[in-house]
2 protein chains.
Amino acid sequence: MEVSTIRFPSACPSRIVLDHVTSKWGVLVLVALAEGTKRWSELRRAVEGVSEKMLAQTLQTLERDGLVIRDARPVIPPHVDYRLSPLGAELVDRLTPLMEWILANADAIISGAARGRIDETTSVAHAQ
Amino acid sequence: MEVSTIRFPSACPSRIVLDHVTSKWGVLVLVALAEGTKRWSELRRAVEGVSEKMLAQTLQTLERDGLVIRDARPVIPPHVDYRLSPLGAELVDRLTPLMEWILANADAIISGAARGRIDETTSVAHAQ
DNA sequence: CAGTATCCCCGAGGATACTG
DNA sequence: CAGTATCCTCGGGGATACTG
């Protein structure tokens with residue numbers, strides 16, 4: 001269970017990728033695509049609250065990073081599909097457990113019940 | 001491997017927690033604390049590039065969420081320790097695989113080599 | 001349908017100075 | 001040492017309008 005010191009030097013590609021992935025909409029888009037290929041309009045609905053500009057920007061970033069694949073079919077009306085690349089799928093595999101944990105624990109955390117969980121392992125903590 | 005539709009409704013506690021965790025410094029602080037208890041000054045060094053204001057703010061948010069425990073000892077000079085709560089440790093368990101993956105793949109992603117990995121599963125993709 | 005193009009605002013976040 | 005307090009900037013991100 002030793003994590004052996006994960007370091008993120010500040011001027012490092014890892015910081016950039018971290019920023020892309022943890023950008024406001026990045027995680028949500030990636031998770032939405034975990035279900036499979038989706039069209040633009042489906043994504044807009046799946047990622048509740050995202051604006052057109054932000055969806056476009058997020059998708060472009062993820063595509064440039066090689067995490068998402070854009071498949072535009074030259075028909076009228078336009079038909080564009082987005083899906084995870086193999087690399088993106090790997091990433092989402094690591095993202096999903098995190099998302100499920102957050103969904104499962106969010107209510108307790110926000111309601112403040114989390115402080116009740118500071119049990120045996122805690123003693124004099126945060127006397128503050 | 002079916003993820004069975006993870007949904008994040010926009011007006012939901014899960015979005016708030018997600019924002020806290022994926023805040024610019026949230027992930028980095030949590031990962032830094034994965035190694036164990038750390039003092040303020042150690043965190044400042046461990047989380048390279050963080051300002052005092054942002055470190056304080058991030059720690060306060062994480063503490064309010066019950067993910068981090070603050071242990072202030074009333075001595076002079078002041079001595080304050082931060083560590084993960086049991087809940088925070090659970091979260092970090094899900095965070096660590098993600099961070100390690102990002103560290104391992106960041107260079108390839110940023111350099112653009114990622115697009116080379118679009119192999120057999122891809123065919124006509126992103127004619128762009 | 002699937003996007004750009006613009007304009008604009010607010011607040012996340014940085015720099016600096018100060019304190020118990 | 002471990003923080004506040006204050007000021008200020010910059011760009012993330014929203015609203016709206018337009019297009020192939």
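Residue numbers begin at 1 in each chain, while the letters A, B, ... track the order of the sequences. Note that the coordinates shown come from a computational prediction; the quantities given were computed from them, not determined experimentally.
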Could you pull out the closest heavy-atom pair between A:Ala114 and B:Leu87, with the gap in Å?
CB-CD2, 3.7 Å
Indicate yes or no: at least one non-hydrogen side-chain atom of A:Glu52 is less than 4.5 angstrom from one of A:Trp40.
yes
Under 3.5 Å, side chain of B:Glu100 to main-chain N/O of B:Pro97, donor-acceptor pair present?
no
Donor-acceptor pairs are to be reported for all side-chain atoms of residues 23-30 of chain A against protein atoms at under 3.5 Å, with residues two or more places apart or in another chain.
residue: A:Ser23; atom: OG; partner: A:His20; partner atom: O; Å: 3.0
residue: A:Ser23; atom: OG; partner: A:Gly26; partner atom: N; Å: 3.1

Write down the distance between CG (A:Leu59) and C1' (C:dA2), rounded to a whole number of angstrom.
11 Å
I want to verify a distance call: between C:dG14, C:dT4, D:dT4, whose nearest atom is closest to the B:Met54 side chain?
C:dG14
Test item: B:Ser111 side-chain N/O and B:Ala108 main-chain N/O as donor-acceptor pair under 3.5 Å
yes
Taking only the side-chain heavy atoms of A:Val80 (C-beta and beyond), determine which of D:dA2, D:dG14, C:dG3 contains the nearest atom.
C:dG3
Any side-chain N or O of A:Ser41 under 4.0 Å from OP1/OP2 of C:dA2?
yes
Would you kindly give the CD1-to-P distance between A:Ile76 and C:dC1, to the nearest whole Å?
14 Å
Tell me the interatomic distance from A:Lys38, atom NZ, to C:dA2, atom C1', rounded to whole angstroms.
17 Å
Using both pair distances under 3.5 Å as the test, note the stems of at least 3 consecutive Watson-Crick or G-U pairs that include DNA chain C.
C:1-20 with D:1-20
Quick one: A:Gln60 CD to C:dA5 C1', roughly how many Å, whole number?
12 Å
Under 3.5 Å: donor-acceptor pair, side chain of B:Ser14, backbone of A:Leu103:
no
Starting from P on C:dC1, measure out to OH on A:Tyr82 and report it in whole angstrom.
14 Å
For A:Gln57, does its backbone N or O pair with a side-chain atom of A:Gln60 as donor and acceptor, under 3.5 Å?
no
Can you check the B:Leu28 CG to C:dA12 P distance for me, whole Å?
18 Å
Over how many whole Å does the gap from B:Glu42 atom CD to D:dC1 atom P extend?
11 Å
Check whether any side-chain nitrogen or oxygen of A:Arg70 sits under 4.0 Å from OP1 or OP2 of C:dA2, and answer yes or no.
no
Working to the nearest 0.5 angstrom, can you tell me the gap between A:Leu33 CG and A:Lys38 NZ?
7.0 Å
What's the CG-P distance between B:Leu55 and D:dA2, to the nearest Å?
11 Å
For the residue pair B:Glu42 and B:Thr37, establish whether any side-chain heavy-atom pair is separated by less than 4.5 Å.
no
Look at the side-chain N and O atoms of B:Trp40 and state whether any lies under 4.0 Å from the OP1 or OP2 oxygen of D:dT4.
no
Set out, line by line, the N/O atom pairs under 3.5 Å between protein and nucleotides 18-20 of chain C.
none

OP1 or OP2 of D:dG14 sitting under 4.0 Å from any side-chain N/O of A:Gln57?
no
Does OP1 or OP2 of C:dT6 have a side-chain N or O of A:Lys53 closer than 4.0 Å?
no
Run the numbers on A:Leu91 and B:Trp101 for side chain to side chain contact (heavy atoms under 4.5 Å, CB included), then give the verdict.
CA-CA 7 Å; A:Leu91 175 57; B:Trp101 186 91; 3.6 Å; yes
Less than 4.0 angstrom between a side-chain N/O of A:Arg39 and OP1 or OP2 of C:dA2, yes or no?
yes
